[in-house]
S.K.: 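To start, I am sharing the structure in question, which I have written as structure tokens.
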There are 2 protein chains.
Amino acid sequence: MLKKERHDFVMKQINLHNRVLTSDLVQLLNVSEDTIRRDLQEMADDSLLYKVHGGALSKSYHSTFDDSSVYAKEAKINIAKKTTKLIKDGMVILTGGGTTIIELVKQLPENLQATFFTISPLVAVELAKYRKVEVILIGGLFSKNSQITYGGHVISQLSEINADLCLLGTSAIHPTNGLTDTDWEINQLKKTMMSSSRKSAVLCISEKLNISLRLKVAALENITYLITELDPSDEKLTNYQIKNLKIL
Amino acid sequence: MLKKERHDFVMKQINLHNRVLTSDLVQLLNVSEDTIRRDLQEMADDSLLYKVHGGALSKSYHSTFDDSSVYAKEAKINIAKKTTKLIKDGMVILTGGGTTIIELVKQLPENLQATFFTISPLVAVELAKYRKVEVILIGGLFSKNSQITYGGHVISQLSEINADLCLLGTSAIHPTNGLTDTDWEINQLKKTMMSSSRKSAVLCISEKLNISLRLKVAALENITYLITELDPSDEKLTNYQIKNLKIL
DNA sequence: CGGCTTTTTGCGGGTTTCTGCAATATTAAT
DNA sequence: ATTAATATTGCAGAAACCCGCAAAAAGCCG
């Protein structure tokens with residue numbers, strides 16, 4: 001293995017995962033730690049990556065820190081962390097799009113082994129960073145607004161899936177009106193996704209609570225998990241305490 | 001063993017394995033290390049390969065990863081601008097993935113009204129910025145390496161399309177061996193895409209010229225346009241001047 | 001053909017690069 | 001504060017490299 005080949009390999013890993021661990025590289029490339037460290041050092045000198053204790057990070061990842069533009073990021077990370085507990089090895093999961101879901105994907109455990117169906121290209125790209133995760137992107141018309149695929153073709157493919165868990169972002173949720181939305185297409189998609197999954201989890205920042213929109217997606221009774229950044233005992237959630245709905 | 005013969009031998013090895021070791025060549029060709037080194041040095045001067053400590057690497061291999069920074073980008077923008085002239089309102093276009101294609105999409109005229117089918121989520125996201133462009137993302141298994149969808153499902157959907165123009169990035173192109181690739185899946189995809197389109201354009205930075213890889217995608221005769229950053233009259237392109245292939 | 005130049009090739013010896021080891025210091029985490 | 005993981009530093013052997021030289025091979029010309 002030539003030095004340059006190692007460097008290329010490292011770059012590939014970094015572009016893929018946004019980070020590398022020294023110890024992983026030692027195993028993968030079968031050389032000593034010193035060699036890896038020297039490699040990383042050199043590449044850092046060429047400012048191809050950002051070296052840190054234990055490995056290295058993607059340069060772009062650090063400089064493109066306008067991730068902060070994601071609204072209510074803290075809350076979403078909190079939600080994401082709770083949600084990961086629902087996800088076990090071997091599961092088949094169906095997901096929509098949205099920043100909340102993307103945040104969730106970033107929080108998944110490194111070695112998760114699962115199958116994800118998604119209608120969101122961005123979620124697919126993010127999921128692809130996990131080695132043991134199989135990603136199936138459901139194709140169809142591509143929506144400019146919501147950055148997901150939609151239309152009859154998508155619906156028909158979704159309806160053929162049999163997933164363990166369905167992860168949905170939220171437009172609005174209300175104690176009596178349940179899950180609602182404004183866009184008819186998205187409404188259809190969400191309905192289909194829920195009926196294709198045994199269980200469904202609704203990821204919802206607290207601001208979306210107690211809002212009701214025009215189109216009904218599902219009644220509270222048909223949701224399995226409601227996940228917010230609040231403590232499950234928070235008083236804002238008392239109205240949602242019904243049988244069959246687990247609040248996390 | 002004449003020098004020229006050695007050089008040819010080295011090129012063959014490099015096209016096959018993407019790399020050679022000085023020590024291997026010494027054994028295989030039965031000459032001294034110095035001779036090999038001199039050979040590699042000369043070939044590197046002619047920029048036929050990339051010389052490193054211990055051997056040499058394929059030019060294409062090397063440039064795939066990290067050279068996407070500045071120099072290649074200029075070339076890609078140049079290619080993109082030429083390619084936009086092929087694209088007219090009302091066309092149905094099929095595209096693959098890759099940075100060259102992304103660059104192209106960024107250069108499209110603001111008010112283009114066309115239909116794009118693509119297997120690349122990133123291309124889809126980029127295309128979605130154009131108001132009058134309809135984007136259909138073809139779904140299927142999602143490849144972690146190449147960031148495109150692939151597999152039987154994709155192939156079967158591609159084969160149902162009837163496009164006006166097919167835009168392909170290039171792994172390697174060669175005067176006699178035509179368009180080639182290393183990955184079997186991608187090979188299949190490109191073949192299908194070409195047969196689903198009336199015309200096909202190959203976007204190719206000049207570094208990828210005169211390189212031949214293992215799997216054949218198409219003969220030069222079956223390509224409609226070859227687009228590089230060079231002037232069409234550049235001598236590097238003379239070997240590609242055949243009937244039916246328009247060089248831009 | 002015989003001398004002349006040029007090219008090619010191998011060799012010796014000195015230099016640089018690469019890589020792993022060991023001892024020591026630093027950092028992260030509990 | 002203690003411990004385990006990770007970094008740093010210097011070193012040494014091996015491998016690869018570079019440079020100049022000279023012999024052999026090939027080309028050139030009268």
Side-chain angles (χ1 to χ4, degrees), chain A residues 1-14 16-59 61-62 65 74 77-78 80-82 84-85 106-112 131, chain B residues 1-14 16-59 61-62 65-67:
Chain A
M1 175 72 70
L2 301 168
K3 182 160 76 161
K4 179 66 182 161
E5 288 182 299
R6 286 200 311 269
H7 284 206
D8 286 346
F9 182 86
V10 171
M11 279 318 287
K12 209 178 190 178
Q13 291 291 313
I14 282 207
L16 223 53
H17 300 109
N18 280 331
R19 64 168 202 170
V20 285
L21 303 182
T22 310
S23 52
D24 285 356
L25 289 175
V26 167
Q27 291 206 336
L28 288 168
L29 297 174
N30 205 34
V31 289
S32 75
E33 286 196 356
D34 305 70
T35 302
I36 296 299
R37 258 194 292 276
R38 269 184 287 245
D39 283 344
L40 295 181
Q41 188 57 55
E42 284 172 35
M43 297 173 77
D45 290 346
D46 297 344
S47 66
L48 293 171
L49 47 74
Y50 188 75
K51 193 173 176 317
V52 296
H53 196 95
L57 297 176
S58 160
K59 199 107 200 256
Y61 181 75
H62 245 295
F65 210 69
E74 284 300 317
I77 290 177
N78 192 331
K81 284 185 176 158
K82 290 186 191 174
T84 55
K85 288 168 191 160
K106 288 182 179 167
Q107 302 292 332
L108 290 174
E110 183 78 12
N111 284 317
L112 177 68
R131 268 186 226 164
Chain B
M1 174 72 68
L2 300 171
K3 181 157 77 162
K4 177 74 172 129
E5 287 181 298
R6 286 201 311 270
H7 283 207
D8 288 347
F9 182 84
V10 171
M11 278 318 289
K12 226 178 226 166
Q13 291 290 312
I14 281 207
L16 213 56
H17 301 115
N18 279 332
R19 66 174 239 191
V20 285
L21 301 183
T22 311
S23 53
D24 286 355
L25 290 174
V26 167
Q27 291 207 336
L28 287 167
L29 297 174
N30 204 35
V31 289
S32 76
E33 285 197 0
D34 302 72
T35 303
I36 296 298
R37 256 196 294 276
R38 271 184 285 246
D39 283 344
L40 296 182
Q41 188 57 56
E42 285 171 34
M43 298 172 77
D45 290 347
D46 297 343
S47 65
L48 294 171
L49 47 75
Y50 187 76
K51 194 173 175 323
V52 296
H53 196 96
L57 298 175
S58 158
K59 204 114 199 251
Y61 175 75
H62 161 244
F65 301 106
D66 54 330
D67 243 21

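This structure is a prediction, so every number in the text was calculated from the model and none was measured. Lettering of chains follows the sequences in order, A, B, ..., and the numbering in each one begins at 1.
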S.K.: So, OP1 or OP2 of C/dG10: does either fall under 4.0 Å of a side-chain N or O from B/Thr35?
M.R.: yes
S.K.: Could you give the CG-to-C1' distance, from A/Asp39 to C/dT19, as a whole number of Å?
M.R.: 10 Å
S.K.: Can you measure A/Leu2 atom CG to D/dC17 atom C1' for me and round it to whole angstrom units?
M.R.: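 Rounded to the whole Å, the gap is 14 Å.
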S.K.: Between the base of D/dC17 and the side chain of B/Asp34, is there a donor and acceptor pair under 3.5 angstrom?
M.R.: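 For B/Asp34, whose side chain was compared with the base of D/dC17, there is no donor-acceptor pair (under 3.5 Å).
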S.K.: Within this structure, what is the CZ-to-C1' distance between A/Arg37 and C/dT24, rounded to whole angstrom?
M.R.: 13 Å
S.K.: Please give, in whole Å, the distance from C/dT9 P to B/Lys3 NZ?
M.R.: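 Value for this atom pair: 7 Å.
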S.K.: Looking across every strand, which nucleic acid part, if any, lies under 4.0 Å from B/Val52 by heavy atom: base, sugar-phosphate, or nothing?
M.R.: sugar-phosphate
S.K.: What's the closest nucleotide to the A/His53 side chain, out of C/dG10, D/dT6, D/dC18?
M.R.: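 Minimum distance to the A/His53 side chain belongs to D/dT6.
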S.K.: Check whether any side-chain heavy atom of A/Leu2 lies under 4.5 Å from a side-chain heavy atom of B/Leu21, and answer yes or no.
M.R.: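 Yes, side chains in contact.
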S.K.: Distance check needed: D/dA5 P versus A/Ile36 CD1, whole Å only.
M.R.: 19 Å
S.K.: Rounded off to whole Å, could you give me the CG-to-C1' distance for the B/Leu29 and C/dT8 pair?
M.R.: 15 Å
S.K.: Taking 4.0 Å as the cut-off, does a side-chain nitrogen or oxygen of B/Ser32 come that near to OP1 or OP2 on C/dC11?
M.R.: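 Answer is no, no contact under 4.0 Å.
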S.K.: To the nearest 0.5 Å, how far apart are CE in B/Met43 and NE2 in B/His7?
M.R.: 5.5 Å
S.K.: Expressed as a whole number of angstroms, how long is the span from A/Arg38:CZ to D/dG10:P?
M.R.: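 After rounding, the reported distance stands at 13 Å.
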S.K.: On DNA chain D, nearest-nucleotide positions of B/Glu33 versus A/Gln41: which is more 5'?
M.R.: A/Gln41
S.K.: Looking at B/Arg38 and B/Glu42, is there a salt bridge between them, counting it only when a charged N and a carboxylate O are closer than 4.0 Å?
M.R.: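 Here B/Glu42 does not pair with B/Arg38 in a salt bridge, since their nearest N and O are not under 4.0 Å apart.
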S.K.: Treating A/Thr22 as the side-chain partner and A/Gly54 as the backbone partner, does any N or O pair qualify as donor plus acceptor under 3.5 Å?
M.R.: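 It does hold such a pair.
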S.K.: Mind calculating the distance between CG (A/Leu25) and P (C/dG20) to the nearest angstrom?
M.R.: 13 Å
S.K.: Which residue in the set A/Asn30, A/Asp39, A/Leu40 passes side chain to side chain contact (heavy atoms under 4.5 Å, CB included) when paired with A/Leu25?
M.R.: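 With A/Leu25 as partner, side chain to side chain contact (heavy atoms under 4.5 Å, CB included) holds for just one option, A/Leu40.
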